[in-house]
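Worksheet for the structure shown next.
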Amino acid sequence: MTGLKEDFHSLHLDGLTRRFGGQTALNGLDLTIERGEFIALLGPSGCGKSTALNCVAGLLPLTAGRIMLDDQQVDQLPPEKRGFGMVFQNYALFPHLSVQKNIAFGLQMRKVPRAEIKRRVAEAIDLVQLGPHAKKLPGQMSGGQQQRVAIARAVVLRPPLVLMDEPLSNLDAKLRLEMRTEIRRLHQSLGLTTIYVTHDQEEALSLADRLVVLRGGEVQQVGTPQELHETPTNAHVADFMGYRNLFDGVVERVDGEHATVGLLGTTADGAAAGALATRDRVRVGIRPEDLVIGAPGATDALTLDATVDVVEYQGREFAVEAHLATGEAVHVRTSERPTEGSTIRLTAEAHRILVFPSAAEPDDSGAAGASAPLETAGSPA
Amino acid sequence: MSAPVVDAKRHTPQGDPSQKPSLVHRLAEHGIDRTLWLLVPGLLFVIVLFVYPFLYGLNLSLHPNKGGMFGAYKAFFTDPDMRGWDSLWITLKLSLPAALINVIAAIPLAYMMRGNFRGKRLLTTILVVPITLGTVLTAEGLLNFFGPRGWFNRFLGLFDLGPVQLVQNYWGVLWSLIISGFPFAFLLILSYMSGIDPSLEAAAKTLGADWKQRFRRIIMPLLAPGLATTFCLTFVLAFSVFPSAILVGDPSGSTRVVAYVAYNAWGQMFDYPLASASAIVMGVVEMIVIGVVLMLRSTMYKGSTGGKG
């Protein structure tokens, strides 16, 4: 029961599939994770990200697929033989054991000599800055402290892989930011290969080396934070990456990377985010911060007139919800406060307008609607 | 939440020292409000059906037919017809093992049944059915099954074994206590078990603990207080054993339990004070056993176990 080797080169997830009865929770997840990488699985609730994590941990059996650590197949091993560290959403600290004993638990299971356990537990407690609380029971500590214990308990084993299941979702906004930095710091100093599950795109973008966006059990896109942020492959990823304005349109003209689209009773020039042909139905995505209030300039590819409905103060800027003459809601960020009820003219530049082919998916509206509230998890509720 | 209340007490409203908070508010601060009326039916029941009869019996036991204030108690322990010590010992020999066996047997079953699986409801029903059977029905079943001409002995007869004497003695009563007490123990322990957050076991798994280690290091410590409570309850049930001691036992000899002795004093000897004294002694012994178990329990971890409770 020594767990798996720590000095592997890469972990391969090969067609990971999990069905519950007739429901496919995860369908063919392929991913190669290099040692030391920080991977975030990102998606709305029910997208299969936690299923994927539990499958990798061994807490859920696979319906199909393989997990390979270099050339060793590990998906047949029970979780206790895999030795992957896991941090749970509700922390799952043993309530009857002190902080020290919680952290020592895994080492004791591995029959590590007593003196070494003592030394490594002390190190881990220092690492997460819980020195004064070592003898406390988990119930006597705050959520943030409990989360630190959970992290220390997982990393003290120096596992080949650390799995984190929405570890920050039960913390308040301030602590969440602090712990996010803490997790990043730990990852940088320990270099532990990490798979991190979250529904918070900001969290994923700020922590991960690479992101995997899931939807309905299917992988939508894999890439670096920058790739996902700037060139989402489809409207769903775009929706999740902060393109709050998504409009239906029809392609009028395609010119290489550029497309002219008829939408909202006008036309827009945008960047094609996939193969397009004339008369294709498309989704057009624009970020709230890419819409500019003011007079149209020479380079503007889209001009819209809208009536301001709601203005939210958000510190440095205002989040504005307005509606177009055609009835669609449009979201804008601006540094100057428009008055409610006034008419504003919105413009955007061509390279800030993404044109996605709309895949004919029957469950389109439902899933997109469900993910809408999650994309703004970083802003005040 | 409590801070503003404290404030309100220190600084009376509008800084006027003569103005006190209204009576309703002052009472509410001590937890006195109209919802207390909800206690009335329960209190009435307890007083009429428990406190009064108990005090009546206690008083009766202290006014024996002969021999001073504690004459009945003296008779219980020393009268050769009563043999009180013997009957207490017999009752403990039945009820302690019965309670222990019930609790121990229920643990693995509850552990297996804590998750969801097909047929769980059916299995639970089968395990709980004995609750619905009265002691008499259980006893008749035992007589038919384990009796000298019962199926069990006939089965043994096929192999030229037996017959084994399993009823009209200690074993018959013990069996009966286990059959009727097990469902209680199982249901209680199942609810304690499902109160333990399943992610604790998942966490222990990922930390390298096999099922034996998880059971010993995580499940048992969190379950132990519940086991103590369950033990107390099944013990009390078993200690007051009466019908099965007569029906499947040997009430004049090896299963001459305290309840039977008290019943005899009342129904055969018509010595009400002696019967009351027997019952009081019985209660005291139960209290002692429960006291010891609860003392052990107080040394255990009793906080949240993280589950749905």
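A, B, ... follow the sequence lines: proteins, then strands. Residue 1 opens every chain. For the numbers below, each heavy atom of this structure counts, side chains included, while hydrogens, waters and symmetry mates do not.
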query = Contact part of A:K111 toward chain B, heavy-atom cut-off under 4.5 Å: side chain, backbone, both or neither?
reply = side chain
inquiry  = The criterion is side-chain hydrogen bond (donor to acceptor under 3.5 Å, both in side chains); which residues satisfy it with A:T198, sequence neighbours excluded?
reply    = A:E203
key: A:D209/A:R184 salt bridge by N-O under 4.0 Å criterion   = yes
remark   = Residue pairs passing the ring pair (Phe, Tyr, Trp, His ring centres under 6.0 Å) test with at least one member in residues 35-68 of chain A, sequence neighbours excluded, are A:F38-A:H187, A:F38-A:Y196
query = Which region of A:F88, side chain (C-beta onward) or backbone (N, CA, C, O), has a non-hydrogen atom less than 4.5 Å from a non-hydrogen atom of chain B, or is it both or neither?
reply = side chain
query = Which pairs count as side-chain hydrogen bond (donor to acceptor under 3.5 Å, both in side chains) when at least one residue sits in residues 220-241 of chain B, sequence neighbours excluded?
reply = B:T229-B:R297
key: Side chain, backbone, both or neither of A:L137 within contact of chain B (heavy atoms, under 4.5 Å)   = side chain
query = So which part of B:L222 gets closer than 4.5 Å to some heavy atom of chain A, the side chain, the backbone, both or neither?
reply = side chain
remark   = From the list A:L16, A:L62, A:N54, side chain to side chain contact (heavy atoms under 4.5 Å, CB included) partner of A:L26 resolves to A:L16
ask   = Is it true that B:E201 and B:R214 make a salt bridge, defined as a side-chain N closer than 4.0 Å to a carboxylate O?
value = yes
query = What part of A:Q89 is in contact with chain B, defined as an atom under 4.5 angstrom from a non-hydrogen atom: side chain, backbone, both or neither?
reply = neither
remark   = What one should report as the nearest heavy-atom pair of A:M86 and A:L53 is CE-CD2, 4.1 Å
message = Has A:T63 got a side-chain atom pairing as donor or acceptor with A:R19's backbone, closer than 3.5 angstrom?
response = yes
Inter-chain contacts: residues 95-113 of chain B against chain A, heavy atoms under 4.5 Å = none
